[in-house]
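See structure below.
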Amino acid sequence: VDMSALQKLVESLSEATTTVLDHHAALENRLSESSREVNRLRKHLDQVRMEAMTDALTNLANRKSFDEALDTHCESDDVSSPLSLAVIDIDHFKRFNDTWGHQTGDQVLRYVASVLARIGRPPRMAARYGGEEFGLLFPGETSAQVERLLNEARQEIASRVLKRRSTNEDLGTVTISVGVAQRQYGEDSFDLLDRADKALYQSKNNGRNRVTVASLSSM
Ligand code: C2E
């Protein structure tokens, strides 16, 4: 046996083994780094997704997620369970903004939103629909139930005299006008929203600070 050849062979085998082991360790490191990165991105994505569905000022759902939820509910053919919708508008909000400025206007939006958020817990949904307009979705509830509930909320909102934080001046009271509609059989989200909007318009025309329930449309 050529001892030196054997020794060389053992040495080169051992070197190769070390190389493979090092390589393996490096791969393992990179793998765990990658999976940490994936976790980080996943969390970030969840957060971005959440933000894309939320109104930043009020923390309520935004119009996009409200429309999606409304569509989903209206696609269902379940007639055993009612669905009601409320649209809410802050009375004379523009006047308020013009008098006290946008920062105070934003506080008024947050005030109304805080009351609506309490009402709109799941399975209900509360959203900021537009500038000073909000939407509430009531799965499983009739327009009569929703009318009662929103009359209470309306009174609660109007019961507080707000203060301007910077100067402590009285801002007076905030009132809301509301339109409520209960989904009719087969009605799509567009028509349901339209009836609620018309009821809101009636509330405005009849002097504001009130809740109006939409009449049924002839279909
Ligand atoms: P915010 O200013 O972020 O306040 C959040 C919550 O902290 C309030 O919820 C209330 O529970 C408490 N809070 C904050 N500041 C005061 C205070 O000076 N006195 C008292 N007693 N509690 C305070 P809340 O009441 O549901 O209000 C929600 C949001 O509505 C507020 O958010 C603010 O943006 C607006 N808001 C409510 N009341 C007033 C008011 O009188 N003046 C103004 N400018 N904004 C108000």
Side-chain angles (χ1 to χ4, degrees), residues 43-44 46-70 84-141 143-181 193 196-197 199-201 203-204 206-213:
K43 272 197 195 122
H44 186 65
D46 284 346
Q47 201 195 330
V48 169
R49 221 180 248 146
M50 187 63 104
E51 280 170 9
M53 297 175 71
T54 308
D55 172 63
L57 179 70
T58 62
N59 268 330
L60 295 182
N62 63 17
R63 181 179 188 141
K64 179 179 146 66
S65 49
F66 190 76
D67 279 342
E68 276 173 19
L70 182 61
S84 294
L85 167 73
V87 289
I88 295 143
D89 193 87
I90 300 176
D91 295 328
H92 298 303
F93 183 73
K94 191 181 171 325
R95 199 161 79 192
F96 208 92
N97 247 343
D98 291 346
T99 311
W100 303 103
H102 285 285
Q103 278 185 348
T104 304
D106 282 355
Q107 303 276 306
V108 170
L109 290 170
R110 283 161 59 99
Y111 170 56
V112 171
S114 73
V115 175
L116 299 183
R118 234 181 306 125
I119 296 175
R121 298 218 173 94
R124 297 172 181 162
M125 183 183 201
R128 181 165 175 214
Y129 205 68
E132 70 261 27
E133 197 171 315
F134 299 87
L136 277 165
L137 205 54
F138 298 88
E141 293 175 86
S143 53
Q145 291 172 300
V146 170
E147 179 184 26
R148 220 173 304 127
L149 194 78
L150 281 171
N151 261 318
E152 284 167 17
R154 182 183 61 75
Q155 280 162 355
E156 184 190 337
I157 287 170
S159 71
R160 190 143 136 194
V161 176
L162 299 186
K163 293 268 188 192
R164 190 184 198 190
R165 294 244 157 105
S166 52
T167 58
N168 218 32
E169 284 164 282
D170 264 8
L171 300 171
T173 55
V174 173
T175 65
I176 57 168
S177 294
V178 184
V180 175
L193 206 49
D197 268 336
L200 167 62
Y201 192 69
S203 285
K204 293 280 184 189
N206 290 333
R208 299 182 168 84
N209 190 19
R210 68 193 63 222
V211 178
T212 305
V213 176

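The structure presented is a predicted model; accordingly, all values stated were derived computationally and were not measured. Both ligands and their constituent atoms are indexed starting at 1 by order of listing. Because only heavy atoms are used, hydrogens play no part in the values below, and waters and symmetry mates are left out as well, while side chains stay in.
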Residues forming a salt bridge (Lys or Arg N to Asp or Glu O under 4.0 Å) with Arg210, sequence neighbours excluded: none
Find all protein N or O atoms under 3.5 angstrom from an N or O atom of ligand 1 and list the pairs with distances, or write 'none'.
residue: ligand 1; atom: 2 (O); partner: Arg165; partner atom: NH1; Å: 2.7
residue: ligand 1; atom: 3 (O); partner: Arg110; partner atom: NH2; Å: 2.7
residue: ligand 1; atom: 15 (N); partner: Arg165; partner atom: NH2; Å: 3.4
residue: ligand 1; atom: 25 (O); partner: Arg160; partner atom: NH1; Å: 3.4
residue: ligand 1; atom: 25 (O); partner: Arg160; partner atom: NH2; Å: 2.7
residue: ligand 1; atom: 26 (O); partner: Ser114; partner atom: OG; Å: 3.1
residue: ligand 1; atom: 30 (O); partner: Tyr111; partner atom: N; Å: 3.2
residue: ligand 1; atom: 32 (O); partner: Arg110; partner atom: NH2; Å: 3.4
residue: ligand 1; atom: 34 (O); partner: Gln107; partner atom: OE1; Å: 3.1
residue: ligand 1; atom: 34 (O); partner: Arg110; partner atom: NE; Å: 3.1
residue: ligand 1; atom: 38 (N); partner: Arg160; partner atom: NH2; Å: 2.9
residue: ligand 1; atom: 41 (O); partner: Lys163; partner atom: N; Å: 3.0
residue: ligand 1; atom: 42 (N); partner: Lys163; partner atom: O; Å: 2.5
residue: ligand 1; atom: 44 (N); partner: Lys163; partner atom: O; Å: 3.0
residue: ligand 1; atom: 45 (N); partner: Gln107; partner atom: OE1; Å: 3.2

Test applied, side-chain contact (heavy atoms from CB on, under 4.5 Å); reference residue, Phe134; option that passes from Ile90, Val178, Ile176, Val87: Ile90
Within 6.0 Å of NZ in Lys163, more than 12 heavy atoms from elsewhere: yes
Donor-acceptor pairs under 3.5 angstrom involving side-chain atoms of residues 114-121: please list them, not counting sequence neighbours.
residue: Ser114; atom: OG; partner: Tyr111; partner atom: O; Å: 2.7
residue: Arg118; atom: NH1; partner: Glu156; partner atom: OE2; Å: 3.2
residue: Arg118; atom: NH2; partner: Glu156; partner atom: OE2; Å: 3.1

Between Ser177 and Asp89, a side-chain donor and acceptor under 3.5 Å: no
Ring pair (Phe, Tyr, Trp, His ring centres under 6.0 Å) involving Phe66 - partner list, sequence neighbours excluded: Tyr129
